[in-house]
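The next block holds one structure in the form of structure tokens; read it before the comments.
Fair warning: this is a prediction, and the values are worked out from it, not measured in the lab. Naming: A, B, ... by sequence-line order, numbering from 1 per chain.
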Number of protein chains: 2
Amino acid sequence: MPSAFDKLASTRRHVRSGGPLFSAGDPFGSLYGVQGGFFKTSVVDGEGRWQVTGFYMAGDLLGLDGIGAGRYQLTATALEDSVVAVMPYPPDLQCELHRMLSREIVREHRLMLLLGSMHAEQRLAVFLLNLSRRLQRRGYSPLEFHLRMTRADIGSYLGMTLETVSRLFSRLQEQGILEIRQRRVRLIDIDRLRAIAEPA
Amino acid sequence: MPSAFDKLASTRRHVRSGGPLFSAGDPFGSLYGVQGGFFKTSVVDGEGRWQVTGFYMAGDLLGLDGIGAGRYQLTATALEDSVVAVMPYPPDLQCELHRMLSREIVREHRLMLLLGSMHAEQRLAVFLLNLSRRLQRRGYSPLEFHLRMTRADIGSYLGMTLETVSRLFSRLQEQGILEIRQRRVRLIDIDRLRAIAEPA
DNA sequence: CGCCCAGTTGAAATCCGTCAAAGATGGTGG
DNA sequence: CCACCATCTTTGACGGATTTCAACTGGGCG
């Protein structure tokens, strides 16, 4: 869903893998619609603690966090070479914007549910299924895909250490639920994965 | 900060302690500005797992979660007898609304940082300091206040069990950092509390 | 070809959840 | 006014899931 937003793009911007689209503290100016590539957002507090709080792919909107304070509150980093549509704010997309904002909020509440009340294995299962669904919507294979992020990124996002992520992948592989080689994932038994994500 | 929103209130509504302001699944119709009292919001997934995701007091806005899907996604429950300003949607508060939405999003990212990367004691310290600050802004004492929510609510919000919350309160009390009797809190050594919340 | 970052795996420590029981509080009705 | 009950809170013991620390492996890129 490249959506109505893209029409409002005044220009495009390319970001190299590893580079920042914007950093926490930068003055807010634009929203960004991801056209291609992959991003992560993270928060940092003054003490150097940080956490990945979201992953964004084509069709997603970045920069909403800057509307409130006039400065971006998050840092958005490209995980591969990427292209975004730059949309100077404020354009006249109030209504659709509202929906996006609200959806984002709901998404985050759900993520909190994840972080606050599920075991590590469940969190990873939910994460994989969610990723799979989002890829499918965009026309990619939901069963075989490439993780754009490191184990550390996933761990940070899910509130666990990278070692735990690694161990869980290994365990799911032993159980024949998926195959993972590096960042290449193949979901073999999606039903069992769902069962892990949503224990009756 | 009762803010510009209150002017838009068409009516008021009273909600009894324990009663719902709105429930997940209800059709969306209005936003609610809290005028007095105290609310919690929670999410549930189909399997009965649930989690408190926020606490709201006078000046806060409730119901944003319903804009996206046309139905409320969260359940808002009064923790004491409360009054809200009912604001039928959509009024013309686009701009201020954007800021609120965005701020809400940022708030949640920060909460995820809390949930995902801090130990239980830190989380509780952050929670208390945050509450203290919000109360101060509203003209109440930042050092002595009344918790409106149960240990279970706090635990759910912070991703831990009610027993852990209770034990942590006891420990902080033993250390002379605060005094807690039931829901009455007195912060004695706020600097040490900060030190726990933000270890260098 | 070799370095370096990412990933894997193991062992030990620990934090926190679970289960269980007892103590406090506040509201209600007799 | 008091007794009783439901709800909330505290505390203890125990076990298990994750983190931590550490060593090792393997690709990818210069």
Side-chain angles (χ1 to χ4, degrees), chain A residues 16-18 38 40 49-52 77 79-81 113-128 146-175 178-185 196 199, chain B residues 16-19 38 40 48-52 77-81 114-128 146-175 178-185 196 199:
Chain A
R16 299 252 152 189
S17 178
F38 212 86
K40 68 175 173 184
R49 231 188 327 275
W50 62 281
Q51 180 170 14
V52 175
T77 308
L79 292 175
E80 58 183 340
D81 292 349
L113 180 60
L114 201 73
L115 290 172
S117 71
M118 292 185 177
H119 283 194
E121 193 178 42
Q122 281 182 269
R123 290 184 228 164
L124 186 60
V126 170
F127 171 75
L128 287 171
H146 185 81
L147 298 173
R148 302 324 231 275
M149 66 295 286
T150 67
R151 302 288 191 266
D153 283 336
I154 297 172
S156 175
Y157 185 63
L158 297 175
M160 62 187 82
T161 61
L162 68 94
E163 291 96 326
T164 299
V165 175
S166 178
R167 273 186 253 271
L168 289 174
F169 271 133
S170 299
R171 192 154 92 209
L172 291 172
Q173 182 162 241
E174 279 168 29
Q175 298 174 333
L178 55 75
E179 243 178 52
I180 181 153
R181 238 186 91 71
Q182 293 296 120
R183 301 194 180 171
R184 198 87 232 154
V185 184
I196 291 173
Chain B
R16 298 253 154 189
S17 178
F38 212 86
K40 68 175 173 185
R49 233 186 327 272
W50 63 282
Q51 179 171 11
V52 175
T77 308
L79 292 177
E80 57 182 342
D81 293 349
L114 201 74
L115 290 171
S117 71
M118 291 183 178
H119 284 192
E121 193 179 42
Q122 282 182 267
R123 289 184 228 165
L124 186 60
V126 170
F127 171 75
L128 287 172
H146 185 81
L147 297 173
R148 302 324 230 276
M149 66 294 287
T150 67
R151 301 289 190 265
D153 283 337
I154 297 173
S156 175
Y157 184 63
L158 296 176
M160 62 186 83
T161 61
L162 69 95
E163 292 95 328
T164 298
V165 175
S166 178
R167 272 186 255 270
L168 289 174
F169 272 134
S170 299
R171 193 155 93 208
L172 291 173
Q173 182 160 243
E174 279 168 29
Q175 298 174 335
L178 54 76
E179 245 180 51
I180 181 154
R181 237 186 91 72
Q182 291 298 120
R183 302 195 180 172
R184 198 87 231 154
V185 184
I196 290 172

So if I apply the side chain to side chain donor-acceptor pair (under 3.5 Å) rule between A:K40 and each of A:T150, A:D153, A:T77, which one comes out positive? A:D153
Nucleotide [N], atom [atom2] - distance to [atom1] of [X] in whole Å:
X	N	atom1	atom2	answer
A:L168	C:dT8	CG	P	11 Å
A:I180	D:dG27	CD1	C1'	15 Å
B:R181	C:dG23	CZ	P	16 Å
B:R151	C:dT25	CZ	C1'	12 Å
B:I154	D:dT7	CD1	P	19 Å
B:R123	C:dC16	CZ	P	7 Å
B:L79	D:dC8	CG	P	11 Å
A:R167	D:dT18	CZ	C1'	8 Å

Give a yes/no on whether any side-chain N or O of A:T150 is located under 4.0 angstrom from OP1 or OP2 of C:dC5. no
Considering just the side-chain nitrogens and oxygens of B:T164, establish if one lies under 4.0 Å of OP1 or OP2 belonging to C:dC16. no
Which nucleotide wins on minimum distance to the side chain of [X], given the candidates [options]?
X	options	result
B:S166	C:dT18, D:dT10, C:dC16	D:dT10
B:L162	C:dT18, D:dT10, D:dT20	D:dT10
A:E163	C:dT25, D:dT18, D:dT20	D:dT20
A:R183	C:dT9, D:dT18, C:dA6	C:dA6

For A:F169 and for B:H119, find the nucleotide of DNA chain C with the closest heavy atom, then tell me which residue's nucleotide is more 5'. A:F169
Could you state the interatomic distance from [atom1] ([X]) to [atom2] ([Y]), rounded to the nearest 0.5 Å?
X	Y	atom1	atom2	answer
B:L168	B:R151	CG	CZ	11.0 Å
A:F169	A:I180	CZ	CD1	4.0 Å
B:L115	B:M160	CG	CE	8.5 Å
B:L124	B:I154	CG	CD1	7.0 Å
A:E174	A:R167	CD	CZ	12.0 Å

Let me know, please, whether A:Q182 or A:G159 comes out on the 5' side of the other along DNA chain D by nearest nucleotide. A:G159
Rounded to 10°, the helix from C:dC1-D:dG30 to C:dG30-D:dC1 deviates from straight, judged by its five-pair end axes, by 40°
Kindly check if the number of other-residue, nucleotide or ligand heavy atoms within 6.0 Å of CZ (A:R183) is above 12? yes
